[in-house]
Amino acid sequence: MKLEKVYSYIDANKQEFVNDLVRLVRQPSVSARGEGIQECAKIVEEMMKNAGLSTLIIPEAQGNPVVYGEVKSKSSQKTLLFYDHYDVQPPEPLEEWMCDPYSGEIRDGKIYGRGVSDNKGNIVSRLKAVQAFQETTGDVPVNVKFVVEGEEEVGSPHLAPVIQKHKDLFSADAAIWEFGGTDRKGRPIIYLGLKGVLSVELRAKGASRDVHSANAPLIPNPAWRLVWALNCLKNEKDEIIIHGFHDDVEPPSADEMKYIEKIPFEEEEEKKDLGLTEFLQNVSGLEAVKALLYHPTCTINGFLTGYTDTGSKTVLPNKAMAKLDFRLVPRQKPEDILKKLREHLKNLGFDDIEIISHGSTEPVKTPINDSFVQTVIKTAERVYAKPAVVYPTSAGSGPMHLFRNWLGYPVISVGCAHAESRGHAPNENITLEGFIKGTKFIAAILQDFSAS
Ligand SMILES: [Zn+2]
């Protein structure tokens, strides 16, 4: 009954919601370049106030401010926290956009603009769900908190100290994460976890300067040295051979498998799109989905050494470097993997290779049988009138572990994007229909969470 009134309010105020989203999209907020950050944080705070939240801007000496908002329920002790980010990726390449990336242009039922799917659409839809309850019932079904940070797209380097300092503000019983949407068949997607990441740089050094390659019989070549070291990390069967690397890796549980089997995977389209005839090790179907979600990886991101310009240069370089990332799965710890990498190279005689860590995030997962997860699955299936697609974990990464592992509550990712939303790419968009439906979904989650 309550929810029907809330839904009617959402339908009646659609245009205002869209206008607010367009306003937020028109404000650039590129964290990689520090563009429009303060201005965007202010708009988010203003929108929180309009939705009836009390707000606080948490300044961060070295980073971008975190915008915090909350509203207390008169009828429930439970608290639901929303994690979002107001920063966006750079819009380039501009020539591939069919409109100005900061226009918020509406075409054929879609709103276009940088950040509209990742993550401004979700910010607005969530605030509007709260506003709809406040305006129609004078209350919210549960206590609501919003944490909207401004550095997600650059790896959230300052969120951990902010949470450490304001632990009480971030306490909750459950959280909704920033991303999600519907698949090609309009089924709602629910993500329950993220991989961790460990980024490292390996450096090899040779002589004190580059020398003529005629000296190669006598002078060590750091480029070869680095290639040999990298060769000890992974074999040609694509297996990571760092000693102890897989110690904590777990296969999906029987419960998880029931959901994984139902995940749609359009592998032929995917291969065609990338100009490939097969995936690594020729995996396909269920095996490919399992690999994507449950296999940790070791990826060379780039090499830099010697001469790579036009023509030839008979030079023997004096240094070489490579950047790598490890995507980690639940129970693997970045600091443990870094230690194992160091020991592995040292034991194989590569203690001359310098290893520099460029930061990490932990893998994270909320169990599928958690009651909040089961509530949201039921809510999703009712709102969308379709079976939900549940990812027990996902291939992406983010600071979710700070909430799930540190603060200790379940975290679920759902949102209002769709299969062609093109996050991080030109012509990023969401549909007007998906935006409004996503707002109702959040309203229904608030209601069902209070009753659960
Ligand atoms: Zn993003």
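Just follow the structure's listing: the first ligand is 1, and inside any ligand the first atom is 1.
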Scan side-chain atoms only and decide if [X] and [Y] contain a donor-acceptor pair under the 3.5 Å cut-off.
{"X": "Asp325", "Y": "Ser199", "value": "no"}
{"X": "Gln332", "Y": "His246", "value": "no"}
{"X": "Glu45", "Y": "Thr55", "value": "yes"}

query = Does the ring centre of Phe170 sit less than 6.0 Å away from the ring centre of Trp406?
reply =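 Ring centres of Phe170 and Trp406 not closer than 6.0 Å.
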ask   = side chain to side chain donor-acceptor pair (under 3.5 Å) with Thr79: which residues, sequence neighbours excluded?
value =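 With neighbours one apart ignored, the set is Asn143.
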query = How many protein N, O or S atoms are found at a distance of less than 2.8 Å from the Zn ion (ligand 1)?
reply =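 If we list every protein N, O or S atom nearer than 2.8 Å to the Zn ion (ligand 1), we get 4.
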ask   = Do Lys145 and Tyr68 meet the cation-pi criteria used here (NZ or CZ under 6.0 Å from the six-membered ring centre, within 45° of the axis)?
value =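 That pair does not qualify as a cation-pi contact.
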